[in-house]
Every structure is written in C-alpha cells, then in structure tokens.
Number of protein chains: 2
Amino acid sequence: MREDTRARIQQIALRLFTEQGYEATSLREIAEELGVTKAALYYHFKTKDDIVASLVDLRVAELEELVEWARSRPKTAEMRRELLERYADRLKESRYLEITRFMERNQTAMRDHPKLSKMRETMLTLSREMSPQDATPAERISHSLALFALHAGKWLTVQGDLTEEEIDKATREVALRLLEF
Amino acid sequence: MREDTRARIQQIALRLFTEQGYEATSLREIAEELGVTKAALYYHFKTKDDIVASLVDLRVAELEELVEWARSRPKTAEMRRELLERYADRLKESRYLEITRFMERNQTAMRDHPKLSKMRETMLTLSREMSPQDATPAERISHSLALFALHAGKWLTVQGDLTEEEIDKATREVALRLLEF
DNA sequence: GTCTATATTCGGATAGAC
DNA sequence: GTCTATCCGAATATAGAC
C-alpha cells in the first residue's frame, strides 16, 4: 500500500491534467482523489506548476535516452529504422504515452514554461538524428514526419473498425516509408 | 473603422485563446483589448463558451465546403490529389490556420463541447473521401496521415533554416507520397 | 506529513441605468 | 450597445496546530 506520496501525486495529476486539462484541474480534485487535503500537496510541491515541471522532466529524460542511444551508434539507415522502432515502442508504454498526450493537449498551458524549451530542443536533436547529413530539405521533413506519424496514429483510433494492433502496425509501416524517402 | 463588434470579438478572442489558451484567457482581457468592459461582451455572446462555439462553427463550415466539393466530383485519384491541395491551400489562409491551431492547442478545454463531435464527424467524413472504397487499412491510414502531415508541417518551422515556402512545398510533396501509398 | 482554518485574488455572470 | 456596480463561487496559496 502506501508508497511514495510524491509519485502518487504525479500519477493522479498526470491523469487528470490529460483528461480534463491543466487549468481545469484543481489541486482540490487531486487532493480528493489522493484522500488528503490541498494543504498536504503543498508539502510535496511548492506550486501547481512544480507538479507539471516534474512531469516534463520525466519525458525529457526518456527522449534524452533515445538521443544517447542514437549517438552511441553508427549513423546508418539501419540505425534510423531502429531508432524509429524504439520511439514507437516507447509510445506504447502507458506512462510515456500519457505524458506525451498531456503535453499535446496542454500546449497553451505550458506555453512559456521554461521546461518546454528544453523539451523542444531535445525533440529537435532527436529529429536531426533521423536524417543523414546530406539530406535535402524535403527528405528531412519526411524523416521528421515519420516521428509525428507515430503520434498521429494514436489519434486515429476513431478511424473505422480497426483494432489498436492494426493501427499500430499500419502506422509503423507508413512511418518507415517516410524514413525511406 | 468600426465594423461589426461581434466579428472583432471573435478575432481578438481567437488570437488570445490560441496564444495563451482558452482557460487562461479571461473575458476581461478580451474586453480590454477591444476597449470596452466585460459586460459589453455579454451583449454579443451569452457566455464565454458561446464565443468558442462560434469559432468552431467557422471551421466546420470550411470543412463541409471541402466535403461538398469532393462529393461533386468523380472519385478518382486525381480528385484526391486536388482535394489534398485544396486542404493545404486552406491551411495557408490565416484565419483557417488560426482556428486550426486554436483547436489543436486547446483540446482538453474543448473536451466535451458539443460542437466538437460535429467537427470530428466532418473531419472523419473528409478523410474517408481520401481513400477509394477498396483501400486496405494501411492505405487508409496513410491517406489520412496525408492530411495530418500538412498540419505537422506547420509545427516544423523550428526545423533549421528553412523558409516557410520551402517547408510548405516539401510537406505537400510528402503528403502526396502518402496519398499514393 | 497532514490537518484546520483563512487570506487573497480573480474568474464568469447579472441587474439595471444611460 | 455599452456602462457601473455587484454577486457569487472557486482557485491558489499560506499560517500555524498536531
């Protein structure tokens, strides 16, 4: 039972921020779900903003791992395909997907959050690893879109009667094609 | 000078909602920029939500136009390429792009807005027009992604030293490739 | 670490005069 | 159509006891 309260706050906050939005979620709600009072949260996080900052940190760390991995490898087409697959695998992990969704859905709330520029920078670094040095602009864009395509796949659940597995498989296929361009 | 106040409210609200977020923008701010008081806004819109609803209506109307156009045409590959180009052209018009960005960035705020389901429905209809009847799941996803790719292109402005024109041209190229799949 | 207050600020919205 | 004035609720945050 009773693990790290800090981690439980993060977990509940992440869920509520993603479902309802950052601004629409009050500390009262988070506290209620946790079974404590608002004041208790302030022991663990100085401000509401601090909670969100801690969540962004988690994502940056994961992106940086991917960048590290890419850099430890020769810059070949094979490496890039594997990088793409690894990115797709991460997106399947629920915590990572949740944080990603949270960020996609709360762009304006995060607008001038200092952590966000850090994140963009890391994402840019990652997308640079997706192209060889001599790639043309169109190729670079296509390769970056390969990453976006994986995200987009997660939005397409509405798309007819396809199962999640089918969509995942198909988006990976499309993403690989974008990488080949 | 002094045109329709209603339209000016929409215009200012759209800008602020997009820049700062829906919840983070107060009626006071909108009123101040317009040079009137909060109370004056209530003459033109019953609630804050009404303002946003009127903006979504604008986008749905534009999407419906595209659907209408597609339906008035034979279902050929050529028609789909042109539909894609028309969609890209719309995204270049500032008002349309702004509304699109507003919606992308305020997904949670719009979460259970009745207008939103209408919009999703229209978007789904449009993406169905992008594929022939006998398309496989992977093909359908690729064709839908062609639309998303155009949106994604708008996020990539950061991407190095490319001009907006170059990015626009390259994303269209990539989108067309996704359509060919 | 968590509680019970409580301070403070600001939001959306309405009433009624002009 | 726009104003002044005001209501009401809710949110973040703090102080200080246990």
Side-chain angles (χ1 to χ4, degrees), chain A residues 1-57 102 105-116, chain B residues 1-57 102 105-116:
Chain A
M1 221 54 170
R2 208 32 185 35
E3 302 162 36
D4 190 8
T5 304
R6 191 187 150 89
R8 293 179 63 216
I9 294 173
Q10 287 181 319
Q11 180 195 330
I12 292 172
L14 176 56
R15 207 190 69 243
L16 293 178
F17 288 165
T18 307
E19 283 174 6
Q20 316 179 338
Y22 175 70
E23 322 247 12
T25 302
S26 66
L27 296 180
R28 186 186 47 72
E29 278 179 288
I30 297 173
E32 259 173 27
E33 283 225 18
L34 191 65
V36 298
T37 65
K38 273 195 294 177
L41 300 184
Y42 280 93
Y43 174 80
H44 298 278
F45 294 95
K46 274 207 307 293
T47 63
K48 186 183 180 184
D49 197 86
D50 262 27
I51 301 179
V52 92
S54 76
L55 294 172
V56 181
D57 281 340
F102 156 69
R105 295 184 188 175
N106 290 276
Q107 294 178 50
T108 48
M110 309 278 306
R111 187 162 119 272
D112 23 52
H113 202 293
K115 298 277 181 188
L116 202 60
Chain B
M1 218 59 171
R2 208 39 182 32
E3 301 161 36
D4 191 7
T5 304
R6 191 187 151 88
R8 293 180 62 214
I9 294 172
Q10 286 181 319
Q11 182 196 329
I12 292 171
L14 176 55
R15 206 190 68 242
L16 293 178
F17 289 165
T18 307
E19 283 173 6
Q20 319 180 337
Y22 175 70
E23 324 245 14
T25 303
S26 66
L27 295 181
R28 186 186 47 72
E29 279 179 288
I30 298 173
E32 259 171 26
E33 283 225 18
L34 192 64
V36 297
T37 64
K38 270 198 294 179
L41 300 184
Y42 281 92
Y43 174 80
H44 298 278
F45 293 94
K46 274 208 305 291
T47 63
K48 184 183 181 184
D49 197 87
D50 261 27
I51 300 179
V52 92
S54 77
L55 294 173
V56 181
D57 281 342
F102 156 69
R105 295 184 188 174
N106 290 277
Q107 294 178 51
T108 48
M110 307 280 307
R111 191 163 115 269
D112 24 54
H113 201 294
K115 296 279 180 185
L116 200 61

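Protein chains get the first letters and strands the later ones, always in sequence-line order, with residue 1 at the start of each.
Within the nucleic acid shown, Thr37(A) comes within 4.0 Å of at least one base atom, counting heavy atoms only.
If you measure from atom CG of Leu27(A) to atom P of dT14(D), you get 11 Å, rounded to the nearest angstrom. For the pair Glu23(A) CD and dG12(C) C1', the interatomic distance rounds to 15 Å; values are reported in whole Å. For Asp4(A) and dG1(C), the CG to P distance is 9 Å, given to the nearest whole Å. The CG atom of Leu41(A) sits 13 Å away from the P atom of dA11(D) (whole-angstrom rounding). Regarding Lys46(B), its NZ atom lies at a distance of 17 Å from the C1' atom of dG1(D), rounded to whole Å. Atom C1' of nucleotide dG1(C) and atom NZ of Lys38(A) are separated by 18 Å, given to the nearest angstrom. To the nearest angstrom, C1' of dG1(C) lies 10 Å from CD1 of Ile9(A). Whole-Å rounding puts the Ile51(A) CD1 to dA11(D) C1' distance at 14 Å.
A donor N or O paired with an acceptor N or O is not found under 3.5 Å between the base of dG11(C) and the side-chain atoms of Lys48(B).
Contact check, Arg28(A) against dA10(D): no side-chain N or O comes under 4.0 Å of OP1 or OP2. Dashed line: the shortest gap from a side-chain N or O of Thr5(B) to OP1 or OP2 of dT2(D) is under 4.0 Å. Remark: Tyr42(A) is in phosphate contact with dA13(D), judged by side-chain N or O atoms under 4.0 Å from OP1 or OP2.
Listed candidates were dA11(D), dA13(C), dT2(C). Nearest to the side chain of Tyr43(A) is dT2(C). Distances from the side chain of Ser26(B) to the nucleotides dT2(D), dT12(D), dG12(C) place dG12(C) closest. Taking every side-chain heavy atom of Ala39(A) into account, dC3(C) is the closest of dT2(C), dC3(C), dG12(C). Set against dT2(C), dC3(D), dA13(D), the side chain of Ala40(B) has dC3(D) as its closest nucleotide. The side chain of His44(A) lies closest to dG1(C), out of dG1(C), dC3(C), dG1(D).
Remark: side-chain polar atoms of Glu33(A) are not paired, donor with acceptor, to backbone N or O of Ile30(A) under 3.5 angstrom. In terms of modelled atom types and a separation under 3.5 Å, the side chain of Lys48(B) and the main chain of Thr25(B) share a donor-acceptor contact. Side-chain atoms of Thr108(A) never come within 3.5 Å of backbone atoms of Arg111(A) as a donor-acceptor pair (strictly under, hydrogens ignored).
Distance check, rounded to the nearest 0.5 Å: CG of Leu34(B) to CG of Leu27(B) gives 12.0 Å. The structure places CZ of Phe45(B) at 4.0 Å from CZ of Arg6(B), a figure rounded to the nearest 0.5 Å.
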